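No hydrogens, no waters, no symmetry mates; every other heavy atom, side chains included, goes into these values. In this text the structure is predicted, and so the values were computed from the model without any measurement.
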4 protein chains.
Amino acid sequence: MKGYAMLKIGESGWIEKEKPACGPLDAICKPLAVAICTSDVHTLWEGAIGDRHNMILGHEGCAEVVEVGSEVKDFKPGDRVLVPAITPDWNSLEAQAGYAMHSGGMLAGWKFSNFKDGVFSEYFHVNDADGNLAILPESINTVEACMLSDMVPTGFHAVELADVQFGDTVLVIGIGPVGLMSVAGAALRGASRIIAVGTRQVCIDAAKGYGATDFVSYKDGSIEEQVLAMTDGKGVDRVCMAGGDCSTFEAAVKCLKPGGKIGNVNYLGSGDYINIPRVEWGVGMGHKDIRGGLMPGGRLRMEKLAALVTTGRLDLAPLCTHVFEGWEHVEEALLLMKQKPRELIKPIVKLAD
Amino acid sequence: MKGYAMLKIGESGWIEKEKPACGPLDAICKPLAVAICTSDVHTLWEGAIGDRHNMILGHEGCAEVVEVGSEVKDFKPGDRVLVPAITPDWNSLEAQAGYAMHSGGMLAGWKFSNFKDGVFSEYFHVNDADGNLAILPESINTVEACMLSDMVPTGFHAVELADVQFGDTVLVIGIGPVGLMSVAGAALRGASRIIAVGTRQVCIDAAKGYGATDFVSYKDGSIEEQVLAMTDGKGVDRVCMAGGDCSTFEAAVKCLKPGGKIGNVNYLGSGDYINIPRVEWGVGMGHKDIRGGLMPGGRLRMEKLAALVTTGRLDLAPLCTHVFEGWEHVEEALLLMKQKPRELIKPIVKLAD
Amino acid sequence: MKGYAMLKIGESGWIEKEKPACGPLDAICKPLAVAICTSDVHTLWEGAIGDRHNMILGHEGCAEVVEVGSEVKDFKPGDRVLVPAITPDWNSLEAQAGYAMHSGGMLAGWKFSNFKDGVFSEYFHVNDADGNLAILPESINTVEACMLSDMVPTGFHAVELADVQFGDTVLVIGIGPVGLMSVAGAALRGASRIIAVGTRQVCIDAAKGYGATDFVSYKDGSIEEQVLAMTDGKGVDRVCMAGGDCSTFEAAVKCLKPGGKIGNVNYLGSGDYINIPRVEWGVGMGHKDIRGGLMPGGRLRMEKLAALVTTGRLDLAPLCTHVFEGWEHVEEALLLMKQKPRELIKPIVKLAD
Amino acid sequence: MKGYAMLKIGESGWIEKEKPACGPLDAICKPLAVAICTSDVHTLWEGAIGDRHNMILGHEGCAEVVEVGSEVKDFKPGDRVLVPAITPDWNSLEAQAGYAMHSGGMLAGWKFSNFKDGVFSEYFHVNDADGNLAILPESINTVEACMLSDMVPTGFHAVELADVQFGDTVLVIGIGPVGLMSVAGAALRGASRIIAVGTRQVCIDAAKGYGATDFVSYKDGSIEEQVLAMTDGKGVDRVCMAGGDCSTFEAAVKCLKPGGKIGNVNYLGSGDYINIPRVEWGVGMGHKDIRGGLMPGGRLRMEKLAALVTTGRLDLAPLCTHVFEGWEHVEEALLLMKQKPRELIKPIVKLAD
């Protein structure tokens, strides 16, 4: 079979590989659509997860099941499925402790295009099909379905980590596709005011649609000064971090009320330390929780989030700004994600309706 | 001063009373608008809280502050304020334990028209003004502001007790004004499917606007059979109870998945027991939590919920179906609530803009 | 192989069956010791789970692994293991939702001597060995190890459901072996006063050792009157229910403060309803949570609880009042559990050191 | 009246001040015993809270009520009381949000020897007597009662922040008096293994008594290497931080499993940032919560913790290594705390039995 792979750091291309084997709990799937993630860019061009050779890229997509193992009960060839970016080992100690995404080691629930071949391929392998696939509802098209692999669960997880409550004022830092889903998730958890940090017009427009009420640009001064000014010096109840870097935590802590919570889902690619400012963190005692976590994966999560789309609570169309048709456009879509033109939110490659 | 009072069970009318005195932490307020609650009907005609003589009725309203005590810091005469139906003693052990509404004894955070005179009066007394009042935002009119006293916090509290999560299927039993706010609250907490139990068209229309996706009428058969049929026998994740009686818990438990939660805010006026069906409650071990609680009161709650209105997340206009102008209409409004005509959601008496 | 089975309701005896087959994720184990549970009595003589024919009884024991499936990674023949009474399907939707004990349907995580043959057998089958077994620590003997299958996790789960906090006054209803573990668990969660309801001296002595500070006998009057008198009318913060029947919830609710929680782990064998008294439940709004659940099963739980034994926090010896040696004593031990003599806490049949 | 005061940074002595006035909600108290806190040392010699002139020191003690305000209901002159170091404004928005210790601003629930005169004085003022005092139980002596002001609630709060669960392996960094209470609190919350970091023999001995199972000295290498070696590379479930400095968080994060939590109650006196190591924090996504908070104050907390002492769950005698009698020893006790001799845990000045 053919797959679009990272050949080594900085180099990619189509390669030929053997179709993966299907263990007793597994499924083999054929993509219906795939989407490009910033993580693919980090992996390929920045070596974020170290060197990989001839590893097929991609962890966002929806698919058709073509084969299932002997122990799989709930899926069969021909089923059209949602596929989460994170596919945990559900019987691990970590999963039993409520942290399935770290089954097998910190972050190791992320397998596609990390420890094994990804989804930019004629066929791909899914471990624990019953635990990790979900039926693609008929009312969700294959393009938008790709947003459920990573963008929705990751953006919403920031909201869960920040523990948004009715009426909270929430700061969302970063309004790329993940941050937009944090805005949508915050609104769907009952936030009142949602202050979004971002500058690209396409993202600002989408953020307004998803429920942002105020905007801050880092070009207009420090985030903390602007946010404190906007809130009469009181600060915000919650911060969702879907952008920035290690130093951005300083702004987040400075904006936050005592008793507040920061939920980070942003990949931090460089620097030795996340810097938490000592004084504004209450010299250790300010009750400003610093939380960060990989999105939960698995079937239940997919089903729950898909239900938000089918009941009309969440509209994924605004994310899908660039849709290509056919495998031949994977490279173009990937390069687009690398260049990040101002009008881009998400590039998707559609292979079937 | 004049107030509209319960003279004894079954009899009401205008009476003359002394203007209440203002203690060091207190405020004296003058209503801008008041609303009638089903509880006023229970209190007056059903003797729900026992006999009361010449007690001024009413616990929903917004007001202008006319006097404050020596220790009050954040309010002054002339301030226009939101007034919660529940006004706890914030330094009580119950409040410190997180259950301020039970300060001074179970349910004793409810003071207006229960332990002391209510708000259907030229002037009324508020204990702990700093802890219990909130500034009325300019963008909220006096009529809709009355909905923040009880309807919004009570309806939303059912959602909190039921602990609605992203993508949950939620059953809301009862779609009077409180149940409508449970529908709105469930949608604002991330429910996907919301199944509402109710029959009056005005309420069904409002429920659709607030986010209900499916409807069940008890006239079409048992609630549990209809709900189980609608959910392929799986049942619902959460139940918000804003209507029914002691026996309705049986339907709720039967509809609920293991691991599910019931949040009741409905006043249960008769019967010896709430009946939880033994077998469907998993012979004691089904992990179906039965929760019920009086709404949280106080200032923070008012501020947070008002922020949902000012940011446009919550529209209170659909609740306010019957608006009267002037004190002389209090009795008419009260009788309307007793009769509950099909087109009624809430009667409000407006005294000032 | 031989197994001690329920032949039909009311009749039991040794039967010959085929050794179970081992699927790819499974293990076949050989008991080192087994214990009798009151549930075995309910199952056999009361038909609590309906009729069963030639079903091998027993769900408490520790064992040696004799065979593992192809996909099992962490266990191998010869390993000595703890075996939980509840062995969930870890990739189920229920497990992903945090309720693994209900995987496959309410209570269906309970498989041994319910849906399949139990552990009173030369060999028994364990589904998902990696997810459900745990290594038996060397410092725990085979007799006490049996207490980790059900008594410890069930008794401790009542404490978790009741959500005991530092300094709480806790009422434990029932001080058979499960209730004793609720006493121990409450003390280990930080309860201050622990009021235990029970009458048998052997249990009272053990309860004192585990941390009970006060005792109530239903022979001396109603539980609620005694408990309210002991607490100056204030009631208790938490109730753990490990005994009684459907009507006992009435006493529990009457004893409980607003904001309190009841955690039930007691099997309720008869009656149509659990009766929650309407008035003392705050006419629906008293914030007295009613919770009940089957113990969590699986490997992590076994490892965590075993660590309490190996670090000396929990002494299981007082539970093990009647130890038999050899398979031939299973029937005698079972009858002893049926008769429940005054000096009995738990009968165990030891097969190996 | 006389009080022992900070004259300016680095200078202290007895001064004469007016007896404080008693507002309507307040109490005036006369110490029965007082204890010296490391914070007194930080305040006086390190200028930790900035310069203060003629501010009476001390925030640990028990007392007799000598006067109460007109609105105080539950206390009267002659009552012997526990006094928490943190005395919140209970009707503040922060208290209503569950963070009373930050009422009036971050950390501002700490008033004694911070914003107003402390307890090293013939008389001291307590705001909101009903909300902040608790009756001193007869079975607790005045010396040990002082440990309930700060050492117990602060040490236990680290355990609450770290959210210790049954069977957890817990690392406690620092075993001065606060850290010892974290050890005791972790054992009382159900920890199995408790690894304590400390070197002084008197503290190690006390820690063993309180439940520590393993010890680590920073003199024997890095904390993280030792802890990881002790746990077969798996790390710990929880970390309580009651010692160290900003850089110690690095060790804590490196020791922690994904899904783990750090609870800090240690005052961080210098440095710009708390350094969270990026890689071991899972590049932002490791689910390692960083929490830190000032102890909860107030009456309920005092009552709950005192109940642990009266029921024999918690023995405070081992903390009280140095007891002086009479006001004239305050300076000696303070200097002792500054010098911290190897055999010191806590110096207390007893004024009455």
Side-chain angles (χ1 to χ4, degrees), chain B residues 21-27 68-75 81-84 86-105 108-109 111 115 125-135 153 157 160 295-307, chain D residues 21-27 68-75 81-84 86-105 108-109 111 115 125-135 153 157 160 295-307:
Chain B
C22 188
L25 293 165
D26 306 341
V68 298
S70 59
E71 309 293 306
V72 174
K73 294 171 201 148
D74 300 338
F75 296 90
V81 290
L82 296 164
V83 184
I86 308 300
T87 53
D89 301 312
W90 285 102
N91 67 351
S92 62
L93 293 177
E94 292 85 0
Q96 292 187 16
Y99 294 91
M101 66 290 280
H102 303 296
S103 59
K111 297 184 171 71
F115 299 135
H125 169 269
V126 177
N127 60 298
D128 196 345
D130 282 337
N132 287 319
L133 295 176
I135 292 295
H157 194 44
E160 293 174 314
M295 66 165 254
R299 176 178 177 182
L300 179 63
R301 186 72 173 179
M302 287 292 96
E303 291 186 3
K304 290 260 183 180
L305 296 179
Chain D
C22 188
L25 293 164
D26 306 341
V68 298
S70 59
E71 308 292 306
V72 173
K73 295 172 200 148
D74 299 338
F75 297 90
V81 289
L82 297 163
V83 184
I86 307 301
T87 52
D89 301 313
W90 286 103
N91 67 351
S92 62
L93 292 177
E94 293 85 1
Q96 292 188 17
Y99 292 91
M101 64 292 277
H102 303 297
S103 58
K111 298 183 169 70
F115 297 133
H125 169 269
V126 177
N127 60 298
D128 195 347
D130 282 336
N132 286 319
L133 296 175
I135 292 295
H157 194 46
E160 293 173 315
M295 65 164 256
R299 176 178 179 182
L300 178 64
R301 187 72 174 179
M302 287 291 96
E303 291 187 2
K304 291 259 181 180
L305 296 178

Please state whether the side chain, the backbone, both or neither of Glu71(B) comes within less than 4.5 Å of a heavy atom of chain D. side chain

What are the two closest heavy atoms between Asp130(B) and Asn91(D), and how far apart are they? CB-ND2, 3.7 Å

Set of residues satisfying side chain to side chain contact (heavy atoms under 4.5 Å, CB included) with respect to Ala306(D), sequence neighbours excluded: Leu82(D), Pro137(D), Ile140(D), Leu148(D)

Partner chain D: residue of Gly98(B), Gly131(B), Gly298(B) with the largest heavy-atom pair count (under 4.5 Å): Gly131(B)

Enumerate the side-chain hydrogen bond (donor to acceptor under 3.5 Å, both in side chains) contacts for residues 295-304 of chain D, please, sequence neighbours excluded, ordered by first and then second residue. Asp168(C)-Lys304(D), Asp237(C)-Lys304(D), Asp74(D)-Arg299(D), Glu160(D)-Arg301(D), Arg299(D)-Glu303(D)

Under 4.5 Å to a heavy atom of chain D? For Ala95(B) that would be neither

Show your reasoning for whether side-chain contact (heavy atoms from CB on, under 4.5 Å) applies to Leu25(B) and Leu25(D). CA-CA 9 Å; Leu25(B) 293 165; Leu25(D) 293 164; 3.8 Å; yes

